[in-house]
Amino acid sequence: MMRLRPPPAPILATALAAVLAAAAVAGMTGRSDPPPDAVAGEASAGEASASALRERAAARDRLLEREPGLAQARAEWGRDFYFTRAIYSGSRGWWGGRGRGTWATDFPKADRQFLFILHRLLQMLDLHEWENPVALDDPELRRFPFLYMLEVGYMNLSEPEIEGLRGYLEAGGFLVVDDFWGEEAWYNLEYHMSRILPGRRIEPIPMEHPIFHQFYDIDELKTVPSVNNAMRGRYEECWGPPCTPTVRGIFNDRGELMVVINHNTDLGDAWEWSEHPYYPIDRSTYAYELAINYIIYGLSH
């Protein structure tokens, strides 16, 4: 694969600060293109299946009504890249999920700011400019080869969600897990992955792996903090044992990564608050660089 020459880190950091400051002033409002008509299900699926599809479509329509710009995810099938966020069952939290559940932590600002920067750094990529949340049991999930999932310490997946994510990954989908801290959250992820991909182990990803060198060369793992901790000078969110950041993964039979798991770090908060004057720019730069590597790897394997 042809290697692209990235801008030097100091230049990227300065560009991030300038671009995001301008975005914060100008605002990021959605366009108002009308969504297309719903796609009819196959007749052979039966009335029960059709009813279930209508219920899922209605739930997504309600979400589209609450968030400007989401209609574009339905109106623009066929783009090269959609930043797709997993909607999953689990604990609900007002702070993290703004009343929608922990899947919506940092949503939608983190997604929008990440895409805002990604569009400028990877101009050769025909990307969809808006966030794209999709439920794990939604048949539309397979349209999108890249999937972002966070706060998995709180997830409690149903059997249809387990089957939906398993089918997505076995069909070639690429999952990035982020923003969960400590041993209890890890055990919950481990339990669910044993149900989603039984028999496949979670393994460390060595720093020489190509995923760390797709576009930017990442030579060390860094703790990416939440904005509140960063302002207090504390980067970790664990209490007790050391909170060492790790990146581990699950590989397919060809030795390619299917799942990348970022533990004890919070890439999404760095995207969301990278314009904040007190957020450490070395960590926001790192968070963008690492995520861009993930996207290029996921779209090329």
* Asked: When you look at Arg283 and Asp266, which way does the salt bridge (charged side-chain N to carboxylate O under 4.0 Å, His left out) test go after all the steps?
  -> CA-CA 10 Å; Arg283 302 308 161 107; Asp266 188 353; over 6 Å; no
* To do: Any chance you could lay out the salt bridge (charged side-chain N to carboxylate O under 4.0 Å, His left out) test for Glu275 and Lys109, step after step, and finish with the verdict?
  => CA-CA 11 Å; Glu275 86 287 3; Lys109 185 185 174 189; 2.8 Å; yes
* Asked: When you look at Leu115 and Arg112, which way does the side chain to side chain contact (heavy atoms under 4.5 Å, CB included) test go after all the steps?
  -> CA-CA 5 Å; Leu115 285 165; Arg112 293 177 183 179; 5.9 Å; no
* Hey, mind stepping through His209 and Tyr297 against side chain to side chain contact (heavy atoms under 4.5 Å, CB included) and telling me if it holds? -> CA-CA 11 Å; His209 190 279; Tyr297 182 93; 3.8 Å; yes
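Between the side chain of Ser194 and the backbone N or O of Tyr191, at least one donor-acceptor pair lies under 3.5 Å. A donor-acceptor pair under 3.5 Å is absent between the side-chain atoms of Tyr82 and the main chain of Arg143, judged by distance alone. In this structure, the side chain of Asn264 does not engage the main chain of Glu236 through any donor-acceptor pair within 3.5 Å. A donor-acceptor pair under 3.5 Å is formed between the side chain of Tyr279 and the backbone N or O of Pro225. Formation of a donor-acceptor pair under 3.5 Å by the Tyr88 side chain with backbone atoms of Leu150 is found in this model. Of the possible donor and acceptor atoms, one in the side chain of His263 sits under 3.5 Å from a partner among the backbone N and O of Gly182. A distance-only check finds a donor-acceptor pair linking the side chain of Asp178 to the backbone of Gly268 [under 3.5 Å]. Distance alone, capped at 3.5 Å, places no donor-acceptor pair between the Arg166 side chain and the Leu197 backbone. The backbone N or O of Asp126 sits less than 3.5 Å from a side-chain atom of Asp80, completing a donor-acceptor pair. Remark: the backbone N or O of Met155 is paired with a side-chain donor or acceptor of Asn188 at under 3.5 angstrom.
To the nearest 0.5 angstrom, Leu267 atom CG is 6.0 Å from Tyr148 atom OH. Here CG of Leu221 is found 7.5 Å from CG of Leu290. Values are rounded to the nearest 0.5 Å. Expressed to the nearest 0.5 Å, how far OH of Tyr235 lies from OG1 of Thr223 amounts to 9.5 Å. To the nearest 0.5 angstrom, Leu257 atom CG is 8.5 Å from His301 atom NE2. For the atom pair Glu151 CD and Leu189 CG, the distance stands at 12.5 Å (nearest 0.5 Å). The line from CG of Asn132 to CH2 of Trp130 is 13.0 Å long, rounded to the nearest 0.5 Å.
Using a 4.5 Å heavy-atom threshold, the side chains of Glu272 and Val227 count as separate. With a 4.5 Å cut-off on side-chain heavy atoms, Leu165 and Leu147 count as touching. Contact of the Trp186 side chain with the Arg248 side chain is registered, since non-hydrogen atoms from C-beta on lie closer than 4.5 Å. Side-chain contact between Leu299 and Pro145 is present, with at least one heavy-atom pair separated by less than 4.5 Å. Within the 4.5 Å cutoff, side-chain heavy atoms of Leu127 are placed close to those of His119. Residues Val152 and His192 are not in side-chain contact: their nearest non-hydrogen atoms beyond the backbone lie 4.5 Å or more apart. A heavy-atom distance below 4.5 Å is not found between the side chains of Phe215 and Ile295. A heavy-atom distance below 4.5 Å is found between the side chains of Leu118 and Ile292.
Ring planes of Trp273 and His276: perpendicular class, angle over 60° (limits at 30 and 60°). Using a 30° and 60° split on the angle between ring planes, Trp271 and Tyr288 fall in the tilted class, from 30° to 60°.
Donor-acceptor pairing under 3.5 Å is recorded for the side chains of Asn262 and Tyr294.
For CD of Glu184, the number of neighbouring non-hydrogen atoms (other residues, nucleotides, ligands) closer than 6.0 Å is 12 at most. Within a 6.0 Å sphere centred on OH of Tyr154, heavy atoms belonging to other residues, nucleotides or ligands number 12 at most. For Arg201, the CZ atom is loosely surrounded, since the number of other residues' heavy atoms within 6.0 Å does not exceed 12.
Clustering ILVMFWY residues whenever any of their side-chain heavy atoms sit less than 4.5 angstrom apart, transitively, puts Val260 in a cluster other than the one holding Trp181.
Nearest heavy-atom pair across Asn229 and Arg232 is OD1-NH2, 2.7 Å. Phe107 and Pro133 get closest at one heavy-atom pair: CZ-CG, 3.9 Å. Heavy-atom minimum distance, Ile250 versus Arg200: CG2-CB, 3.8 Å. Across Val224 and Ala270, no two heavy atoms sit closer than the pair CG1-CB, 3.5 Å. For the residue pair Glu220 and Met207, the shortest heavy atom distance occurs at N-CE, 3.7 Å. Looking at every heavy atom in both residues, Pro160 comes nearest to Asp137 through O-CB, 3.7 Å.
Evaluation of the ring pair (Phe, Tyr, Trp, His ring centres under 6.0 Å) rule for Phe81 yields Phe146 as partners, not counting sequence neighbours.
Taking the centre and axis of the six-membered ring of Phe116, the NZ or CZ atom of Arg120 falls inside the cone set by 45° and 6.0 Å.
Pairs of residues two or more places apart, or lying in two chains, never qualify as disulfide (SG to SG under 2.5 Å) while including a residue from residues 139-228.
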